[in-house]
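Input: a single structure, listed below in structure tokens.
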Amino acid sequence: MEDMPELPEVETIARALAPRLTGRRIASAEFRCPRILLGDADQMAEALAGRKITGIRRHGKFLVIELSGGRLFTVHLGMTGKLLMDGTPGKHTHAILTLDRGVLLYDDIRQFGRLEVGDGLPARVAKLGPEPLEIELALFTAALHRRKTRLKALLLNQRFVRGVGNIYADEALFRAGIHPLAIASRLRRDRAQRLHQAITTVLAEAIEGRGSSVSNYVDADGRKGSFQLSHRVYQRTDQPCLVCGTRIRRILVAQRSTHFCPKCQKR
DNA sequence: ATCGGTACCTGCACGC
DNA sequence: TGCGTGCAGGTACCGA
């Protein structure tokens, strides 16, 4: 296993990078792997060169690096992407941004990440759902009741809410006491409220813990996250439920590994 | 429009 | 030691 960028991890990275990147100027950019680029490598390098970095923020699982002139460098880390300050380029370094002070590297073993430069958010990013930490209960419940899919699949759908991935979907469903195969449209209001609360709580706690780290997740400062210590079902297959002792099960939902307690989580 | 299934990559753990 | 298999937290795309 490598590492993992869901909302809390990306938020942690954005916070760590902000003070180090803001105010820096990009002297030059080099892109070595066309596969991960949404755009032409030379054009992207040209669009970045000479721009000043004015800020960095998170949008769902996307990192948005704001540049002078309103230009945006949008980065999705995929499954194994890393943004590193002042490291040494290696086999999996696909982008090198030379700054007026220091260097910003993009590493990505599996090449599932995507890099893009534009004068606004890319359309496919702009149309994602609301931030899960901001959506109000009434809107959340209404959106939930419009979908007939299984809850686990819905939580992973970035057009429903943006930023929840496999770990936090499983953890939120466990904390809400809801089965991952429950149908969204049939969820009673009190259970929808529990889910909304569980999502809020688990994401906030994970951000507080600087994200999860299954094996070697390291943020931009090289510090490890600690939230994996708080996982109650994720990757705990066959271990006892921390509430009732029942064996945690693993099933596939929408082709994604899904962990739950069959006693605590009801359809 | 909305759903599930598949493809895209590399590396690691595990059993034989 | 090597080889085959399954697994990995991502999205995009396809057809039903």
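Below, read A as the first sequence line, B as the second, and so on, with proteins coming before strands; counting in each chain starts at 1.
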Atom pair distance, as rounded to whole Å: CG in Leu252(A) and P in dG4(B):
13 Å
Asp108(A) CG - dG11(B) P separation (whole Å)
11 Å
Kindly compute the distance separating NE2 (His196(A)) from CD (Glu136(A)), expressed to the nearest 0.5 Å.
8.0 Å
Under-4.0 Å side-chain N/O to phosphate OP1/OP2 contact, Ser257(A) with dC7(C)
no
Would the number of heavy atoms belonging to other residues, nucleotides or ligands and lying under 6.0 Å from CD of Gln193(A) be above 12?
no
Which nucleotide in the list dC7(C), dC3(B), dG10(C) gets nearest to the side chain of Arg250(A)?
dC7(C)
Name of the residue among Leu242(A), Leu173(A), Ile248(A), Val243(A) meeting side chain to side chain contact (heavy atoms under 4.5 Å, CB included) with Cys261(A)
Ile248(A)
Could you please spell out the steps behind the side-chain hydrogen bond (donor to acceptor under 3.5 Å, both in side chains) verdict for Thr201(A) and Gln197(A)?
CA-CA 6 Å; Thr201(A) 303; Gln197(A) 182 60 51; 3.0 Å; yes
Looking only at side-chain N and O atoms, does Arg114(A) come under 4.0 Å of OP1 or OP2 in dA12(C)?
no
Glu46(A), CD atom: more than 12 neighbouring heavy atoms under 6.0 Å:
no
Please determine, for the side chain of Gln111(A), which listed nucleotide (dT11(C), dT10(B), dC3(B)) has the closest atom?
dT10(B)
Looking at the base of dA12(C), is there any donor atom on it, or on the side chain of Arg124(A), that sits under 3.5 Å from an acceptor on the other one?
no
From the options dT11(C), dG10(C), dG4(B), select the nucleotide whose nearest atom is closest to the side chain of Ala153(A).
dG4(B)
OP1 or OP2 of dA1(B) under 4.0 Å from side-chain N/O of Lys148(A):
no
Apply salt bridge (Lys or Arg N to Asp or Glu O under 4.0 Å) to Glu131(A) and Arg162(A), showing your working.
CA-CA 5 Å; Glu131(A) 284 287 334; Arg162(A) 60 183 195 247; 2.8 Å; yes
OP1 or OP2 of dT11(C) sitting under 4.0 Å from any side-chain N/O of Lys61(A)?
yes
Round to the nearest Å and state the distance from Leu37(A) atom CG to dT11(C) atom P.
18 Å
Can you label the angle between the His76(A) ring and the Phe62(A) ring as parallel, tilted or perpendicular, going by 30° and 60°?
perpendicular
Round to the nearest Å and state the distance from Gln158(A) atom CD to dA12(C) atom C1'.
13 Å
Atom CG of Leu115(A) and atom P of dG10(C) are separated, to the nearest Å, by 18 Å
Do any side-chain nitrogens or oxygens of Thr80(A) fall under 4.0 Å of OP1 or OP2 in dA8(C)?
no
In terms of side-chain heavy atoms of Met79(A), which of dG11(B), dG4(B), dG10(C) is nearest?
dG10(C)
Any His76(A) side-chain nitrogen or oxygen under 4.0 Å from OP1 or OP2 of dA12(C)
no
Report the nucleotide, chosen from dT10(B), dG10(C), dC3(B), that has the shortest atom-to-atom distance to any side-chain atom of Arg147(A).
dC3(B)
Regarding the side chain of Gln255(A), the nearest nucleotide among dT10(B), dT6(B), dG10(C) is dT6(B)
Separation of atom CG in Asn157(A) from atom P in dA1(B), rounded to whole Å
14 Å
Looking at dT11(C) and Phe112(A): do their rings stack (centroid distance under 5.5 Å, interplanar angle under 30°)?
no
salt_bridge(Asp238(A), Arg247(A)) N-O dist < 4.0 Å
yes
Return one dot-bracket line describing DNA chain B 5' to 3' (Watson-Crick or G-U wobble pairs, both distances under 3.5 Å; ( ) same strand, [ ] crossing, | another strand, . none).
.|||||||.|||||||
